[in-house]
Number of protein chains: 2
Amino acid sequence: MSTYCKFETALDILVGKWKPVILLRLFANGTMRFSELQRAIPDITKKMLTQQLRELEYHDIVHREIYQQIPPKVEYSITEYGQRMTPLLQAMNDWGEGHIEHLNELYGEDPTTESPERS
Amino acid sequence: MSTYCKFETALDILVGKWKPVILLRLFANGTMRFSELQRAIPDITKKMLTQQLRELEYHDIVHREIYQQIPPKVEYSITEYGQRMTPLLQAMNDWGEGHIEHLNELYGEDPTTESPERS
DNA sequence: CAGTATCCTGCCGGATACTG
DNA sequence: CAGTATCCGGCAGGATACTG
């Protein structure tokens, strides 16, 4: 294990097409049912929603509460441990906001200006 | 543009297989030549090194200094603006470090314990 | 309602060869 | 030395159908 840097670890946990949105919704709304999340994030599929939630659950960021009943009911929320990354998320959010402005200063606000393509 | 969250922006800039290592090397060593970076990151190909550096350059995180001479010499460094994300990187690093310990407490330190597979 | 199970595709990143 | 130019495989993520 490399000794010089653990910030890739933080990255790994946040990376995933839908993790940011999911986390933001849960941080904002508190507890949410599976279907509520689906409605809040219209373009996500059940498969992706499940998968990303499971990964967050594995990392103890998200808690999954199952109500044994029919029809099923499952609620998701940020764990107590998960709350601890609020400052980090806030820091990233602030930096991101500042960076958007910075890019605008550099390249102008013309929306046709694209960032460089990969490959 | 969504108003609720800009932290995906921060994520975008850091995401890329080699960006963390590249940034860390540049932050640690200051100015580095292309070949130095290559040697410092043995498994990276020229293509990827170039590509990731260009993306960071576009975002004004990395500066590219070209010396018009033969043989060519190009030096990379963190821009002044780029320095501003030091606290963020530090925060992510610290959080990541703490998180590794947290996972160990949850699942034990057994290296055979794997995180859940995707798909 | 809250998921799995399959199948499929785009594109990220690797390998290799060529160039000013 | 510091890159491009091509080609290619693997896998993250999408579409769709089925289930307790």
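The sequence lines fix the lettering, A, B, ..., with proteins before strands; numbering per chain opens at 1. The figures that follow rest on heavy atoms only: side chains count, while hydrogens, waters and symmetry mates do not.
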What nucleotide among dG3(C), dT4(D), dG14(D) has an atom nearest to a side-chain atom of Arg64(A)?
dG3(C)

Closest heavy-atom pair, Thr79(A) versus Asp60(A), reported as atoms and distance to 0.1 Å, is OG1-O, 2.6 Å

Give the rounded distance in Å between these two atoms: NZ of Lys19(A) and P of dA12(D).
11 Å

Of all heavy-atom pairs linking Leu53(B) and Val62(B), the shortest is CD2-CG1, 4.2 Å

Please tabulate the protein-to-nucleotide N/O contacts below 3.5 Å involving nucleotides 18-20 of chain D, giving atom names and distances.
none

Would you check if the side chain of Gln52(A) reaches a backbone N or O of Lys19(A) as a donor-acceptor pair within less than 3.5 Å?
yes

Taking the ring of Tyr81(A) and the ring of His59(A), is the distance between their centroids below 6.0 Å?
no

dA2(D) phosphate, OP1 or OP2, under 4.0 Å from Ser35(B) side-chain N/O:
yes

With a sphere of 6.0 Å drawn around CD1 of Ile66(B), does it hold more than 12 non-hydrogen atoms of other residues, nucleotides or ligands?
yes

Is the number of heavy atoms from other residues, nucleotides or ligands within 6.0 Å of CD (Glu80(B)) greater than 12?
no

Starting from C1' on dC12(C), measure out to NZ on Lys47(B) and report it in whole angstrom.
8 Å

Phosphate-side-chain proximity, Arg54(A) and dT4(C), N/O vs OP1/OP2 below 4.0 Å:
yes

Ignoring backbone atoms, establish whether Gln52(A) has a side-chain N or O less than 4.0 Å from OP1 or OP2 of dG13(D).
yes

Is Tyr58(A) reachable from Leu106(B) through a run of I, L, V, M, F, W or Y residues, each pair having side-chain heavy atoms under 4.5 Å apart?
yes

Per the 3.5 Å Watson-Crick/G-U criterion and a run length of at least three, the stems involving DNA chain D are C:1-20 with D:1-20

Please confirm whether the backbone N or O of Glu57(B) pairs with a side-chain atom of Tyr76(B), one donor and one acceptor, at under 3.5 Å?
no

Atom-pair distance (CE on Met48(B); C1' on dG3(D)), nearest Å:
15 Å

dG14(C) C1' sits how many Å from Gln38(B) CD, rounded?
14 Å

Side chain to side chain contact (heavy atoms under 4.5 Å, CB included), that's the test. Do Ile78(B) and Thr86(B) meet it? Break it down for me.
CA-CA 10 Å; Ile78(B) 304 291; Thr86(B) 310; over 6 Å; no

Output the rounded distance in Å from CD (Glu55(B)) to P (dC12(C)).
9 Å

Length of the CZ-C1' vector between Arg33(B) and dG3(D), whole Å
13 Å

In whole Å, I'd like the distance from the CD1 atom of Ile22(B) to the P atom of dA2(D).
15 Å

Which residue lies toward the 5' end of DNA chain C, Phe34(A) or Thr45(B), if each is placed at its nearest nucleotide?
Phe34(A)

How would you label the contact of Tyr76(B) with the nucleic acid (heavy atoms, under 4.0 Å): base, sugar-phosphate, or nothing?
sugar-phosphate

Rounded to whole Å, the NZ-C1' distance (Lys73(B) to dG3(D)) equals 17 Å

